[in-house]
Amino acid sequence: YAVTSSRKVPADPRNPDRPLRMTRIHETKAWPLNGLPPRDVAFRVVEAVCAKYPSLKKRPRAIVNEDGESFQESARQAGLSLEIVKTSGHTNQSEAERYRALRVAMSDRAVQLPDAPGLIGELRGVRARATATGNEVIELPRIKKLEGGKLGPVCRVPAVMLAVSESLLWGAQAEP
């Protein structure tokens, strides 16, 4: 998971009419779920993540990719509002376009990373590869160890990509 917010920052003096923003990743983590049922996972999100952030306590909300549809009822039972985002296909909201938006925001220094060991290495390990048909495929690194010491097939980058790209779509808040 990744928790983000986006706030307005002073404009660049070279172009004062262009509004700027800083997207902050408050925290990101890969959870080993150890076979927990989906409802327990949803309650864990509400209790362990949403409880830390005042704006999430009132209206717990999560954004997941299209694979999250099976999780929707469990999330509702835990009091979590779940928004499902489609990232497949060739639209301006596709997975490749969202990774591109994250890369551009990071190169503009408009993303503030958390103090999360190994995250920069995971971000550097992402590769984009063109296929023979002209599509772009995103290749993700494998993280070395989850909390149980096992090799994991996932990394935090997809959660960071989805959270940052959604923050970029929404307007920046005046207050952090």
Side-chain angles (χ1 to χ4, degrees), residues 1-31 41-42 44-69 71-72 75 78-126 128 136 138 140-141 143 154-176:
Y1 71 89
V3 178
T4 61
S5 66
S6 205
R7 63 181 167 85
K8 294 178 184 177
V9 295
D12 188 320
R14 296 170 292 187
N15 192 356
D17 296 333
R18 180 181 166 230
L20 297 177
R21 75 167 99 192
M22 175 62 67
T23 300
R24 179 178 176 204
I25 303 168
H26 297 275
E27 67 177 289
T28 182
K29 185 176 179 184
W31 271 342
V41 172
R44 186 173 179 185
V45 169
V46 171
E47 294 164 359
V49 179
C50 296
K52 292 180 188 178
Y53 301 95
S55 63
L56 291 176
K57 283 182 187 178
K58 296 174 190 168
R59 247 183 73 209
R61 179 174 169 254
I63 298 169
V64 297
N65 66 16
E66 57 239 84
D67 298 336
E69 289 182 8
F71 185 58
Q72 200 157 27
L80 186 62
S81 173
L82 198 65
E83 181 181 332
I84 297 171
V85 174
K86 303 282 187 211
T87 58
S88 59
H90 302 289
T91 67
N92 63 346
Q93 299 305 314
S94 71
E95 181 182 55
E97 288 299 323
R98 287 174 179 269
Y99 275 104
R100 202 169 290 123
L102 173 61
R103 284 193 306 260
V104 168
M106 290 181 69
S107 68
D108 276 348
R109 295 188 175 131
V111 176
Q112 183 180 359
L113 297 174
D115 183 20
L119 180 60
I120 291 175
E122 289 177 37
L123 289 165
R124 286 185 177 146
V126 175
E136 189 174 25
I138 306 297
L140 298 172
I143 59 173
V154 298
C155 65
R156 297 169 284 188
V157 175
V160 167
M161 175 275 301
L162 188 59
V164 170
S165 65
E166 282 294 308
S167 290
L168 293 173
L169 290 173
W170 294 89
Q173 294 83 36
E175 297 290 321

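Sequence positions, counted from 1, serve as the residue numbers for this chain.
- Residues satisfying the salt bridge (charged side-chain N to carboxylate O under 4.0 Å, His left out) test with Arg14, not counting sequence neighbours, are Asp12.
- To the nearest 0.5 Å, atom NZ of residue Lys29 and atom CG of residue Leu119 are 14.0 Å apart.
- Thr28 contributes a side-chain N or O that, together with a main-chain N or O of Tyr1, makes up a donor-acceptor pair within less than 3.5 Å.
- Rounding to the nearest 0.5 angstrom, the gap separating the CG atom in Leu140 from the OH atom in Tyr99 is 4.0 Å.
- Two residues are said to be in side-chain contact when any heavy atoms from C-beta on lie closer than 4.5 Å; Leu113 and Met106 meet this criterion.
- Under the salt bridge (charged side-chain N to carboxylate O under 4.0 Å, His left out) criterion, Arg100 pairs with Glu97, Glu136, not counting sequence neighbours.
- Shortest non-hydrogen contact noted between Ala75 and Ala42 is CA-CB, 3.7 Å.
- Between His26 and Lys52 there is no side-chain heavy-atom pair separated by less than 4.5 Å.
- Between Ile25 and Val111 the shortest heavy-atom distance is CD1-CG1, 3.8 Å.
- The shortest heavy-atom contact between Pro10 and Leu20 is O-CD1, 3.5 Å.
- In this structure, Ala159 and Ala2 approach most closely via the heavy-atom pair O-CB, 3.6 Å.
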Using side chain to side chain contact (heavy atoms under 4.5 Å, CB included), reason through Arg98 and Val85 one step at a time and then give a plain yes or no. CA-CA 11 Å; Arg98 287 174 179 269; Val85 174; 3.0 Å; yes
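- Screening Ser167, Ser165, Ser6 for a side-chain hydrogen bond (donor to acceptor under 3.5 Å, both in side chains) involving Thr23 leaves a single residue, Ser6.
- Between the CG atom of Asp108 and the CE atom of Met22 there is a distance of 10.0 Å, given to the nearest 0.5 Å.
- The heavy-atom pair separating Ala101 from Leu168 by the smallest distance is O-CD1, 4.1 Å.
- Every residue two or more places apart in sequence or in another chain was checked for a salt bridge (charged side-chain N to carboxylate O under 4.0 Å, His left out) with Glu47, and none qualifies.
- Between the SG atom in Cys50 and the CZ atom in Arg44 there is a gap of 13.5 Å [rounded to 0.5 Å].
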